[in-house]
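Right, one structure below, let's go through it.
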Protein chains: 2
Amino acid sequence: MNPIQYHKELEGKIEVISRAKIKTKEDLSLAYTPGVAEPCKEIAEDKSKVYDYTRKGNLVLVVTDGSAVLGLGNIGPEASLPVMEGKCVLLKEFAGVDAFPIALDTQDEDEIIDTVARIAPMFGGINLEDISAPRCFSIEKKLKERLDIPVFHDDQHGTAIVVLAGLYNALKLADKKLEEVKIVLSGAGAAGIAIGKLLESAGAKNILYLDSKGVVCGDRKDLTTEKQEIAEHTACPKCGISLSCAIQNADVFIGVSKAGLLTSEMVMTMAKKSIIFAMANPTPEIMPDEAKRGGAFVIATGRSDFANQINNVLAFPGIFRGLLDNRLPQVTEKMKLDVARALADFVGEPCVEKIIPSPFDKGVVEVVAEAVKNA
Amino acid sequence: MNPIQYHKELEGKIEVISRAKIKTKEDLSLAYTPGVAEPCKEIAEDKSKVYDYTRKGNLVLVVTDGSAVLGLGNIGPEASLPVMEGKCVLLKEFAGVDAFPIALDTQDEDEIIDTVARIAPMFGGINLEDISAPRCFSIEKKLKERLDIPVFHDDQHGTAIVVLAGLYNALKLADKKLEEVKIVLSGAGAAGIAIGKLLESAGAKNILYLDSKGVVCGDRKDLTTEKQEIAEHTACPKCGISLSCAIQNADVFIGVSKAGLLTSEMVMTMAKKSIIFAMANPTPEIMPDEAKRGGAFVIATGRSDFANQINNVLAFPGIFRGLLDNRLPQVTEKMKLDVARALADFVGEPCVEKIIPSPFDKGVVEVVAEAVKNA
């Protein structure tokens, strides 16, 4: 089916329904005045009771400013709404989490923070979505400090978790250790930086980050604050800062950057049993058949039509399920690591064509939610 | 049933569901990436298409700052949420309108305006709820100027419309003319001032407004801007500014004030065939039996357990139905007058025990929506 026709016929991918049926005057007096005054009074006495008498405890805000939507870029709030509704659909369909989409008519960092904080009382959790880097980093940080409900920027952490999960299994198959491999990470936006940080948390010690200009390293003068931090502990490779230089002898290539950046010739210069996660959307940094020609051992992309789809939907529904069910106030680093491990282990016997579960595998959400709880 | 138990068992009176079913990879690629990029691109080209591809066209924001909730006063955002969810329930159950509750964690006027304007892109209309006077007046005015979707403060206009509808029929029964009657309006908050304005729009020429200090009139030095405007064309009664003085020879008493203010002795001093709308909640300004002892001809209250319940739910669901179906950008004065007339006419043959429809009468919503459309 054509996606335009599909969206037109659906008349919205989400719907707000009433759980209260109003057929009689008594129904009316329970759901609304005068009966509704009773729960109001109890919540006024003890705020935490809002979880008992409203939908808050199962409700997540999916919020964007429309500045970095899919691969489409800064398309503004209205045009981002089909994606936000889609995200809400995934939370509900995969994990039974109610989610409501809001697209903000501002791209000012402080205004975004203030607005989200002010509308937070109805929600049990907040999913930041498609907000461009570097603003997304400070927006998430400040909202986490300001609010007592979990705040999660899925483009960063959801992606990072699923990449780490896939990498655990790919390294197992290649019989290599995360602590020892050389990793080239192409794309130093929200996802790239989050992936790098989580891999470091998990033990990775040798990561070269690349942005559109090349390796993010000490000699560069054109770096944002986040990139400067990375550059501080990265020496520029002797052969230059280009990808073709950086990739030599690398064990792992991780791309969240641009279509076609990586060639089979470059893959040939990588270490043996090379691992390629080419996740640019919709066209990856290298197509799987070309990567194979270069000798790649494990190949993953962001696409559903190839093996090993690195897809956030493996993580965020179960993460919010776990956060809400246990009323956890924050997403911690340990949670992210544990979820990645749980997703990797869920595969059972990984092989090069299957390093990661499918989102339709029964039990994925439960395993992720359990990992969140136990962390 | 006990309202506390009722709310606990429901686990929220609203729910966000998915209209898109996600069972296969193809479903996923239509509702989310890559298919979702198509409607996004079309909306980026032409903003109005957001109505075709998302839920916006059937979705209303119910928003409060928790400053004037029911008769409970300033109980804050969390405690107001059961009422906001209740309002959303009524919109859905009576008129099929999706509505989502937001309680704001601010009571600053400018912050409220900015926040509501920034989250507006997802919504086809905005219902302001339980925001205290006089802030509610300027908040509504400024949001109307700023947004291209209808903004409606139901506590003001919903109440005013239903009062006018009831008054049309009550005056018909008493064989009196709106242009000629003396009206005493007790309560000069959001509802009181809106009722007065709408009655004046409809032709009323002789209204005395009272606040907690007495008649709002020229000699008073303690008045807000809104009340000063009223006082400019109101002379203080010679006998004083108390209710017992103001009520003498009045044809109509309208109360949106406080329990027990009006006595049967006062009613005895009113004109013949007096009309009493005592709408303080939950206890009216005068109980119906006492009003009758004073000789009242028609009596209405805000309660469902007496005849003639003046209930906003007669108006706002149909109003939003009409606004959304015809994508109208604003609520106009003519709309409010026409809806009041349509509600009055809907009764058919009014009698003193039935001057207003019941919200459960079939066809009320349609008649109201039609009046909105035709205005």
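Residue A:M1 touches chain B through both its backbone and its side chain, counting heavy-atom pairs closer than 4.5 Å. Contacts between A:E15 and chain B at a heavy-atom distance below 4.5 Å involve backbone atoms as well as side-chain atoms. For chain B, the nearby parts of A:K21 are the backbone and the side chain; heavy atoms of each come within less than 4.5 Å. Only the side chain of A:E26 comes within less than 4.5 Å of a heavy atom of chain B; its backbone N, CA, C and O stay farther away. Heavy atoms closer than 4.5 Å to chain B are found in the side chain of A:K92, but not in its backbone. For chain B, the nearby parts of A:E78 are the backbone and the side chain; heavy atoms of each come within less than 4.5 Å. Neither the backbone nor the side chain of A:E45 comes within contact range of chain B, judged by heavy atoms closer than 4.5 Å. Contact annotation for A:T54: both backbone and side-chain heavy atoms come within less than 4.5 Å of a heavy atom of chain B. Contacts between A:I112 and chain B at a heavy-atom distance below 4.5 Å are absent for every atom of the residue. Both the backbone and the side chain of B:E38 come within less than 4.5 Å of a heavy atom in chain A. In this structure, the portion of A:L90 lying under 4.5 Å from any heavy atom of chain B is its side chain and not its backbone. For chain B, the nearby part of A:T24 is the backbone; its heavy atoms alone come within less than 4.5 Å. Using a 4.5 Å cut-off between heavy atoms, A:N311 contacts chain B through its side chain alone, with no backbone atom that close.
Salt bridge status for B:D114 with B:K142: absent, with no side-chain N to carboxylate O gap under 4.0 Å. In this structure, A:D98 pairs ionically with A:R55, as a charged nitrogen and a carboxylate oxygen lie closer than 4.0 Å. For the pair B:R327 and B:D148, the salt-bridge criterion is not met [side-chain N within less than 4.0 Å of a carboxylate O].
With A:I113 as reference, A:R146 is the one residue of A:R135, A:R118, A:R146 to meet the side chain to side chain contact (heavy atoms under 4.5 Å, CB included) rule.
A:E129 places no side-chain N or O within donor-acceptor distance of the main-chain N or O of A:V62, the cut-off being under 3.5 Å. Panel note: side chain A:R321, backbone A:A95; a donor-acceptor pair is recorded below 3.5 Å.
Ranking A:V50, A:I17, A:T115 against chain B, the residue ahead of the rest is A:I17, based on heavy-atom pairs under 4.5 Å.
Both tests pass for B:K87 against the ring of B:F316: distance under 6.0 Å to the centre and angle within 45° of the axis.
Between B:Y6 and A:Y32, a ring centre-to-centre spacing not shorter than 6.0 Å is recorded. Taking the six-membered ring wherever Trp is involved, the centroid distance between the rings of A:F360 and A:F94 falls below 6.0 Å.
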Step-by-step ring pair (Phe, Tyr, Trp, His ring centres under 6.0 Å) determination, A:F123 to B:F100: CA-CA 12 Å; A:F123 300 98; B:F100 191 80; 5.7 Å; yes
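A:D108 and A:T106 share no side-chain donor-acceptor pair at under 3.5 Å.
Proximity of B:V60 to B:I126: side-chain heavy atoms (C-beta onward) are nowhere separated by under 4.5 Å.
Among the residues in residues 64-75 of chain B, those with a non-hydrogen atom closer than 4.5 angstrom to a non-hydrogen atom of chain A are B:L70, B:L72, B:I75.
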